[in-house]
Amino acid sequence: MITVENNYFKIDTPNTTYLFKVNPLGLLEHIYYGKYIPNEEDYSFLEEMPGFGYGIEKEDASYHFHPNHSSNEVSFRGRGDNRELILEIEKDDDPECEFFYKGYDIINDFSIPGLPNALNKEATLVIHLYDSKKKLEFNLYYSTYKGNDVITKSTSLKNNDNKPITIRRILSSQLDIAKDDFILKTLDGLWAKERYIHAREVGYGVTKIGAQCGFSSSEHNPFILLEEKGTTLNSGDCYGLNLIYSGNHVEYIERSNVHKVRLLNGINDSSFAWLLSENEEFYSPEATLCFSSKGENELTHQYHRFINENIVRGYWQNRDHPVLLNGWEALTFTFNEEKLLKIAKRAKDLGFELFVLDDGWFGKRNGEKSSLGDWFPNLEKLPEGIKGLSKKVHDLGLLFGLWYEPEMISKDSDLFRKHPEFVLRHPDYEPLTMRFQYMLDLANPTVVDYLIETLSKSFNEGNLDYVKWDCNRVLSDCYSTYSKLQGETAHRYMLGLYRLLDTLTKRFPKILFESCASGGRRSDLGMLAYMPSFWCSDDTEPYERMKIQEGTLLAYPQSTIGAHVSDSPNKQTLRSSEIEDRFNVAMIGAFGYELDVTELSDIDTLSLIEEIAWYKENRHLLAYGDYYLTSSIFFDNYQSFYIVNPNKEEAIYFLGKKLFEFNSETIFAKVANLDPKETYLFKERRQNFDFYLERKRKLDNRKTEDFETFMANIKEIKPLTSEEQIVTLKGESLMNAGVRLYYEWGSGHLPKRIMTDFGTRVYKITKC
Ligand code: DGJ
């Protein structure tokens, strides 16, 4: 709900209010962003008061304004605000500008041209500001979304003069908060350890988070969280910020001596410059903002719903994903059609729904050094091509998907030999490689058109149900002949990529696209606007994944997180784990397996069959239920969370340990958000972890080739199961006290939780 009265602009969501005003000087002052307040005649009880000491002033007879001390809705170079600014330009070597309020509109169909937008806007407030000296129009956009506390903000700059200007910085959102005692949480990492949560006090001066590698990056995700000190999972004030963009991004957090914090985010200005000629308008991507007065979980919850309803779109919105089998971890580049079909046949028997062929199916790709760009089948491995393989997999009753890395080109490829000019490179320097590959210049429209046609042909030929869209390097040699200034190239690349994705996802609306970038380098809202999930990390080892997924879940919903069970010992960590623990961790995401199912022992095969069956019964709840963290793997001794259906009929509780502890602490599995008056069954998922190790060892070594014989054999195996804690209790007891979980294994009496290091458990809660 947007209200404009007496020069006040008030933006309300169900639980929050955002408020600013036009002051008598024609400048915008920020008043408040926080818990909802009702409409008032005037808000002087909240407004900034003059009274700061020594500083630049702007005044007329009745109004004193201290640009460097007050809360400003937007700030510009040279006009007295010496903090970080939302906009910086240059015209004839002159950076000074001053924008005054000119008017506003409320519109219903706002969308940013060429960039991914949040869907289903309730309304958008547009504030028009004007610098009459430089003839520049600066517009601010504020949008609300039905039933959600997330708002989006963006900006645009239009040049109304016949002289061009250079934009040095144009960010999406500025927010001044009149408090300064905060903890900043960010999601940082690198390949195979993406999005660890890091927390620190916001110190004086400027903290800059961001990415300059061309993509949102695995180093620093664009999501940040600012919490008032003392905020917990379920109480306290906090602010979340994200960006609907996949390229270079920046987040400035500035604490100033007047007890204020300024938050800014948008396209990273460090290597950015944009030439804006007469009548041209530049649009920044949408920033998302959310405030919660009920701690982190509520903020996460608002973001999850916003992403499921307003970012993910089309056929796959709110839909269950098929259970996927991808051969990459087991096969890498070494396979042939016979081997693939043997795996696919077994996969069908085990309950899989989608068979994915990863890297290595095209050109002469037998390793990392060749063929990117040659999107036609390798007939030595696949004599009947992708068409033939796809038909055979479909005939088995499975969906079929393929891996592509469309933005890349290998030096050793037909495409490079034919179109060396397609490479993104500087004319004077030898282009840098990463994983032996170059990038295509997506700032060049001819390259984008070429990719649209080549990929469309290949998708049609393969009759594809799924596409894994990989991207295994970052931008370098950021130079394109299509840019007027080279500071434009990285953003022009993104505009090209978004046109490519927009066209293909509209042309193939039913294909399930999964974004990947050496694991989770492009896990952002921009990619999610085209693809309903991203491959979260190449590290699938369950303990590492608990950390990576907890960080990711802070900002992104379960449905968007690609999570697979792979082999043990794990390739990235060499740590061994039970298949049941790997499942318990992977099940919350866009779920699948990455192993050769024909090579599993009988006991693991049996576990896998039961896991898939259990997953299918619970997948909608797991992917789309409301997620609440109850104990953090980063800040506490163990990880626990629950996922509850909004209708309160069922929930799933997860527990994941760090190291095994003798005489372990008592854990109460508390699940809030149930119906206190109803009775619930609390039941542990049965795991085939056998503490009679002798017997397990025998079963571990048994591998039955033929599936029918296996089915006959397992009848007599009757695996020993875990302790299976089962309780019936009132909702109110489960919400207020919780179930005391069995202690961990150790000497003493049963029952016990049979858990080794990094062990996990899952409990299903169902209304009786
Ligand atoms: C990196 C991805 O993260 C992996 O899952 C796999 O697809 C490889 N690329 C293939 O080259």
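When reading the values below, keep in mind they use all heavy atoms of this one structure, side chains included, and skip hydrogens, waters and symmetry mates. Numbering of ligands and ligand atoms starts at 1, following listing order.
- Heavy-atom minimum distance, S246 versus M494: CB-CE, 3.5 Å.
- Atoms of ligand 1 lying under 4.0 Å from at least one heavy atom of N472, given by number and element, are 1 (C), 9 (N).
- On a distance-only criterion, D538 and ligand 1 share at least one N/O pair closer than 3.5 Å.
- Heavy-atom proximity to W535, at under 4.0 Å, picks out these atoms of ligand 1: 3 (O), 5 (O).
- When only interatomic distances are considered, the shortest N/O to N/O separation between E594 and ligand 1 does not fall below 3.5 Å.
- Between R435 and ligand 1 there is a heavy-atom distance shorter than 4.0 Å.
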Review point. Can you list the steps and then say if Y593 with F591 is a ring-ring contact (aromatic ring centres under 6.0 Å, His included)?
Key: CA-CA 7 Å; Y593 290 74; F591 170 69; 5.2 Å; yes
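- Here is the list of ligand 1 atoms found below 4.0 Å of a heavy atom in C516: 2 (C), 3 (O).
- The aromatic rings of W614 and F583 sit perpendicular, their planes meeting at an angle over 60°, well past the 30° parallel limit.
- Where the criterion is an N or O separation shorter than 3.5 Å, residue side chain and backbone included, K468 meets it with respect to ligand 1.
- Counting atoms of ligand 1 from 1 in the listed order, those under 4.0 Å from a heavy atom of S518 are 3 (O).
- Relative orientation of the F641 and F654 rings is parallel, given thresholds of 30° and 60° on the angle between their planes.
- Note on residues 374-393: pairs passing ring-ring contact (aromatic ring centres under 6.0 Å, His included), not counting sequence neighbours, are F362-W375, W375-Y404.
- Remark: ligand 1 and G519 share an N or O pair separated by less than 3.5 Å (distance only, no angle test).
- Residues E544 and Q572 have side chains that never bring a donor and an acceptor to within less than 3.5 angstrom of each other.
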